[in-house]
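Take a look at the structure below.
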Protein chains: 4
Amino acid sequence: MKKNKPKFKQIIDAAVEVIAENGYHSSQVSKIAKKAGVADGTIYLYFKNKEDILVSLFQEKMGQFIEKIEQETTSRQSADEKLHTLIHTHFEQLAADHHLAIVTQLELRQSNKDLRQKINNVLKRYLNVIDQIVEEGVEEGLFRNGLDRRLVRQMIFGMMDETVTNWVMKDQRYNIVDQASEVHSLIIYGLARNREEEER
Amino acid sequence: MKKNKPKFKQIIDAAVEVIAENGYHSSQVSKIAKKAGVADGTIYLYFKNKEDILVSLFQEKMGQFIEKIEQETTSRQSADEKLHTLIHTHFEQLAADHHLAIVTQLELRQSNKDLRQKINNVLKRYLNVIDQIVEEGVEEGLFRNGLDRRLVRQMIFGMMDETVTNWVMKDQRYNIVDQASEVHSLIIYGLARNREEEER
Amino acid sequence: MKKNKPKFKQIIDAAVEVIAENGYHSSQVSKIAKKAGVADGTIYLYFKNKEDILVSLFQEKMGQFIEKIEQETTSRQSADEKLHTLIHTHFEQLAADHHLAIVTQLELRQSNKDLRQKINNVLKRYLNVIDQIVEEGVEEGLFRNGLDRRLVRQMIFGMMDETVTNWVMKDQRYNIVDQASEVHSLIIYGLARNREEEER
Amino acid sequence: MKKNKPKFKQIIDAAVEVIAENGYHSSQVSKIAKKAGVADGTIYLYFKNKEDILVSLFQEKMGQFIEKIEQETTSRQSADEKLHTLIHTHFEQLAADHHLAIVTQLELRQSNKDLRQKINNVLKRYLNVIDQIVEEGVEEGLFRNGLDRRLVRQMIFGMMDETVTNWVMKDQRYNIVDQASEVHSLIIYGLARNREEEER
DNA sequence: AATGAATGAGCGTTCATTCAT
DNA sequence: GATGAATGAACGCTCATTCAT
């Protein structure tokens, strides 16, 4: 299988670097090939076309990304903790790979409808992880009943995504992992002044 | 000033239509010129280059968009109501202009870093409106103290944005305005089971 | 109409020259553009694609070619004379344009099935001219009855074509027009020793 | 000698099939190798380059083709009969191998000047056979004296070739062998009304 | 002898922008 | 101001050939 050959990963890693450094539209196949240390034609032994590099890149990297999140969250007890771990691991992983963060938050979004559709398919697995945590939270009595699952998913994903994008666009100048707890708290409790505060 | 000449608006409206119908990458300057009923060269009497059409488009349309939101929100009393009105008006306006919704949520994001930076500058005015409402909410005692303003802004904007994008990608098949209250509620109260429920 | 603009002919003439000198497969669009004194992109204002240059070239040149043959033959009285004139004019015209001869006899045949089909359509008009002459010959009682029209057409065209191709492949080193009468004679009388000869 | 090794013929037969089915320009070396059941690199142990496959193909197939024609014709008595047999066998052999017919009449002509020159060298042997028959015919007193040998050869070959090409381009929908006698008759007697007819 | 992964030169076409009219 | 014909730089992809194994 092609995915296990060393050049497959080699090219994908080169693509992440090149795209992060040059931007999506200045990332010619020849540039990626050069960075990967292979001939232009070699790219096409491992990928159908340029778009396929990007889809594969996303599948490969997001696959690991989600796996890690699944690992970390399952070990937690409550939905609340799981959600916190999810946010923390989400931020942590992107903070650990600056190039990948730029690519996923900015450059890959410049792709066309088709590619974006394929990217969304990869994301579904992640959204399922979120859904399950929410489900557990409701069953545990921690989260409200009657929540619109789709909206909740959008709130959680949308907020994390927006937070990471802002961090990337501010050139990753602060530590995003520090914001995990606050984000978690906002998602769980919202803006409203809560009881404890009120009682103080 | 060029912005008040009829052809300026004519070209921008043509651009919205063309981009919504053909997608960002199939929206050549010549296609926009044709739809606007002017010659290709005329475009360059009103805009510096292609990117300038898109920036102007966003400025023009978002200007009106934000103005409307400012109007609607200022008439409301509490921060809570203002936030609800903001969400409702945000959804309402995009629901009213399908083409614009496609362009802002999907197509314009395919632009490069530069253009997106400029788009973000236009958005700042909108984020200020949000900030002010949050400020009021805190002062009114409705919202928690000690909120990280930037994160709150990201939560509110990120969630609305994600909700609209999802709606657009589902081909606008449902009525997004119906979701305003639920979104508002999630932002205000979060996922946590609230007091009323608990007491039940 | 594009066909009347000077650049249309300019490009076609450049194409004939370039193809004759470099061969079909070494005739890049950029080379044709350069010879025509226009930019590469200008080609595409007048032709759909590279193949379209070739089809148009053939239509344009063969159109004139056939017209001339029609003119010359109609003024002749008998089918026999008409056939002789046809052969003579066919040879004469190709002898007068060495580049065109190379292109039609050698280079254009390197095209794919599609293009060849289109070329054949242009040729139909020529084959019709031949058919009519044969028809007249039969009516005049000069030619045999019961001739298979398709085979006759193939004999006449095949022989002229083969004769011209041989001449071109011998680098046009002899005067092909000198062979018109002999070719005519072979077509009319075949190989067989005729009566006069036999009676001698 | 390489020509006697089984893979040599194996590759040539694969080439005929691949070219007939896919057309000259879609017949990549790798496709031929696959059909022949050998590795791409193996091709280059038996052939200098791609062009050499085609030249060898033509030599191999035309060699057999001409041999058969030589066999059949020598057994005939008169030049007239020999010519008839030549035409008949020519048609018969191509009718018997549809793939080869497509390759020789259409696809191989898409090759460049160089290759065509080499192909013509192979054809010389065939043209010699024709020449000899004509010579005999003249000596026998059946054919006219003073015939231009080159033109006669072109008439005979050109007509057969044109007839076969037409048949191939009409997707071999009729039986070309049926036309042998008529073609023969046209070559021998031409178009002119002959004595027998006139006397009737 | 045989393999097949790797190579890299080569090209048709698009489209934002210009500028003579 | 308005036009639209002309420009030309830029790039993804193919495939004949090589060569280490």
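Just so we're on the same page: letters track the sequence lines, and every chain starts at 1.
Partner assigned to F:dT21 is E:dA2, using Watson-Crick or G-U wobble distances below 3.5 angstrom. Nucleotide F:dC13 is matched to E:dG10 when pairs are restricted to Watson-Crick or G-U wobble geometry with both distances under 3.5 angstrom.
Between the CG atom of D:Asp52 and the P atom of F:dT17 there is a distance of 10 Å, given to the nearest Å. Rounded to an integer number of Å, the gap from OH of B:Tyr46 to P of F:dA2 is 4 Å. The separation between A:Gln10 atom CD and E:dA5 atom P is 16 Å, rounded to whole Å. A straight line from NE2 of B:His25 to P of E:dA16 spans 11 Å, rounded to a whole angstrom. Nucleotide E:dT18 holds its C1' atom 18 Å from the CZ atom of B:Phe47, rounded to whole Å. Here the C1' atom of nucleotide F:dT14 and the OH atom of D:Tyr24 are 16 Å apart, to the nearest Å. Regarding D:Lys50, its NZ atom lies at a distance of 17 Å from the C1' atom of F:dT18, rounded to whole Å. Remark: P of F:dC15 and NZ of D:Lys34 are 14 Å apart, rounded to the nearest angstrom.
Contact detail for B:Phe58 and B:Thr104: the closest heavy-atom pair is CE1-CG2, 4.2 Å. Here the shortest heavy-atom pairing between C:Glu60 and C:Phe8 reads OE1-CE2, 3.8 Å.
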Passes side-chain contact (heavy atoms from CB on, under 4.5 Å), C:Ile19 versus C:Leu54? Steps please. CA-CA 10 Å; C:Ile19 294 173; C:Leu54 300 172; 3.3 Å; yes
Under the side-chain contact (heavy atoms from CB on, under 4.5 Å) rule, what do B:Lys61 and B:Ile12 come out as? Steps first, then yes or no, please. CA-CA 9 Å; B:Lys61 296 297 181 186; B:Ile12 282 185; 4.2 Å; yes
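For the atom pair A:Ser27 OG and A:Glu17 CD, the distance stands at 11.0 Å (nearest 0.5 Å).
The pair A:Glu21-A:Lys31 does not meet the salt-bridge criterion, since no charged nitrogen lies less than 4.0 angstrom from a carboxylate oxygen.
Listed candidates were F:dG12, E:dG12, F:dG4. Nearest to the side chain of B:Ala39 is F:dG4. With F:dT17, E:dT3, E:dT18 as the candidates, the nucleotide lying closest to the side chain of B:Tyr44 is E:dT18. Among the nucleotides F:dT17, F:dG12, E:dT3, the one closest to the side chain of D:Val38 is E:dT3. Checked against E:dT3, E:dG12, F:dG12, the side chain of A:Gln28 finds its nearest nucleotide in F:dG12. Residue B:Lys5 places its side chain closer to F:dG1 than to any other of E:dC15, F:dG1, F:dA16. When distances run from any side-chain atom of D:Leu45 to the nucleotides F:dT17, E:dA16, E:dA2, the shortest one goes to E:dA2.
Both B:Lys48 and C:Ser30 lie close to DNA chain E; mapped to their nearest nucleotides by heavy-atom distance, the more 5′-ward contact belongs to C:Ser30. For A:Glu51 and D:Ser27, each mapped to the nucleotide of DNA chain F holding its nearest heavy atom, the one lying further toward the 5' end belongs to A:Glu51. Of the two residues near DNA chain E, A:Asp40 and D:Thr42, the one whose nearest nucleotide lies more 5' is D:Thr42. When each of B:Ile43 and A:Val29 is assigned the nucleotide of DNA chain F bearing its nearest heavy atom, the one mapping closer to the 5' terminus is B:Ile43.
Across all strands, B:Lys7 comes closer than 4.0 Å only to sugar-phosphate atoms, never to a base (heavy-atom distances).
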